[in-house]
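Just so it is clear: chains get the letters A, B, ... in the order the sequence lines come, proteins before strands, and each one is counted from 1.
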There are 2 protein chains.
Amino acid sequence: MILFWTRGYAGTSLKDIEAALDMRPGSIYAAFGSKEKLFRSALTLYAERSRTALSETLSEAASPLEGLADHVRKLGRALAAPTQTKACMLMKTMLESSDNERVLRDAAEDMMRQTEAAFRDAFQAARDAGQIPADRDPVRLASRLQSEVLGLRAYAQRSDAPGRIEDLSEDIARDLEALATCFR
Amino acid sequence: MILFWTRGYAGTSLKDIEAALDMRPGSIYAAFGSKEKLFRSALTLYAERSRTALSETLSEAASPLEGLADHVRKLGRALAAPTQTKACMLMKTMLESSDNERVLRDAAEDMMRQTEAAFRDAFQAARDAGQIPADRDPVRLASRLQSEVLGLRAYAQRSDAPGRIEDLSEDIARDLEALATCFR
DNA sequence: TATATGCTTGAGCGATCGTTCAAGTAAAGC
DNA sequence: GCTTTACTTGAACGATCGCTCAAGCATATA
């Protein structure tokens with residue numbers, strides 16, 4: 001999965017996959033069917049893990065809004081560590097897929113919408129709990145947060161990012177919390 | 001340029017370029033040297049145009065901060081229109097480039113830093129003019145804005161984005177202006 | 001031990017990649 | 001009209017792409 005994540009769909013050759021899985025082409029095709037199917041399962045795995053991480057952070061937090069802020073701060077800490085790739089795999093897939101790979105694009109979009117729906121539910125819960133003003137639209141807040149996270153992760157890909165990422169994620173988290181404080 | 005922008009470096013084949021320029025391979029190589037050099041000049045052209053657009057918007061605005069807010073709103077309007085590609089070409093290049101294309105990655109990063117420097121100068125000017133609080137760091141604000149713009153443009157790539165983009169850019173622009181209003 | 005079964009192997013398929021270069025074409029100078 | 005010069009052409013190169021399949025291997029069953 002990490003291979004596809006870092007190099008993308010078209011950028012990963014079967015040679016790379018053979019080496020990573022220590023399998024020969026025949027076995028790979030017997031097990032996964034095609035490069036595209038293998039990529040899609042990698043994409044699904046990525047999305048599931050992301051969703052799990054988010055829901056765990058949300059459930060551990062004292063409130064939905066703090067949960068979202070925690071999520072952003074955790075992300076910032078993760079992105080400050082040196083890893084192969086930082087940017088969101090769904091975003092990378094969406095950006096690299098052309099028309100003849102529309103299936104992948106659509107799949108990535110769908111999964112991204114699921115994440116955004118989780119954000120929306122959290123904002124909705126925060127509003128129901130009176131933590132944020134009633135005139136705030138959870139859908140709009142969710143797309144804003146989605147966009148901020150995409151931006152943060154894309155920015156993190158820059159080689160000079162490590163020193164700025166924690167400030168960035170802290171700013172985003174503070175803005176989330178400010179939704180509550182401006183209401184008191 | 002648009003071809004490279006939409007499909008990326010590796011995703012654009014010489015066949016595509018031949019068709020787009022109505023030139024045969026020999027002429028292309030005589031004129032540009034290599035696919036990589038052609039891509040780099042496309043990247044440079046893109047960055048120059050972006051920079052020009054930004055500086056024009058800034059110079060037309062009543063104040064640096066309003067200039068930045070205008071820039072974001074203009075971007076939102078542009079992204080709401082149906083175009084081939086929305087996401088920033090520098091970001092796409094940064095994300096798709098692997099280690100064997102490090103030259104492209106570095107070039108894209110450099111150009112992105114120039115944009116960010118322009119943001120920083122505008123924030124600095126706003127602070128010097130007393131428009132934003134003195135304890136605000138222009139560098140930090142600039143990286144935040146850079147990240148927000150990257151996020152906005154990546155989000156705009158989604159097929160269901162058109163309806164949300166203007167809200168998103170409006171939210172970002174308001175947050176910029178709030179740097180001033182919270183100071184009054 | 002002989003046979004059947006399921007999995008792995010890697011040579012090789014046709015297609016496409018970026019790139020080159022001998023040959024062809026067109027305009028300029030004499 | 002002939003030569004020179006500058007530019008264009010497209011066939012073809014080696015490399016690599018995703019993928020296939022006859023052959024080989026190892027284990028289970030008889």
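- One interatomic measurement links the two molecules: CZ of B/Phe32 to C1' of C/dT20, which rounds to 18 Å at whole-angstrom precision.
- Separating the OG atom in B/Ser147 from the CG atom in A/Asp167 is a distance of 12.0 Å, to the nearest 0.5 Å.
- Between the B/Glu116 side chain and the B/Ala142 main chain, no donor and acceptor come within less than 3.5 Å of each other.
- A salt bridge links A/Glu170 and A/Arg73; the closest N-O separation between the charged side-chain nitrogens and carboxylate oxygens is under 4.0 Å.
- Between the C1' atom of D/dC19 and the CZ atom of A/Phe39 lies a distance of 19 Å, rounded to the nearest Å.
- Considering only heavy atoms from C-beta on, A/Phe39 comes within 4.5 Å of A/Thr93 through its side chain.
- For the contact set between residues 97-107 of chain B and DNA chain C, defined by any heavy atom under 4.0 Å, there are no members.
- Ion pairing between A/Arg144 and B/Glu148 holds under the 4.0 Å rule for side-chain N and carboxylate O.
- Figure legend: B/Arg158 and B/Tyr155 shown as a cation-pi pair, the cationic atom lying under 6.0 angstrom from the six-membered ring centre and within 45 degrees of its axis.
- The line from CE of B/Met91 to CE of B/Met94 is 8.0 Å long, rounded to the nearest 0.5 Å.
- With salt bridges taken as basic N to acidic carboxylate O contacts below 4.0 Å, none links B/Arg105 and B/Glu101.
- Atoms CG and CG, on B/Leu152 and B/Leu75 in that order, are 5.5 Å from each other to the nearest 0.5 Å.
- Of the possible polar contacts, none joining the A/Glu96 side chain to the A/Gly8 backbone as a donor-acceptor pair under 3.5 Å is found.
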Close N/O contacts between protein and nucleotides 14-18 of chain D (under 3.5 Å):
from	atom 1	to	atom 2	distance (Å)
D/dG18	OP1	A/Thr12	O	3.2
D/dG18	OP1	A/Lys35	NZ	2.7
D/dG18	OP2	A/Leu14	N	2.7

Nucleotide N/O to protein N/O under 3.5 Å, stretch nucleotides 5-13 of chain C:
from	atom 1	to	atom 2	distance (Å)
C/dG10	O6	A/Gly26	N	3.2

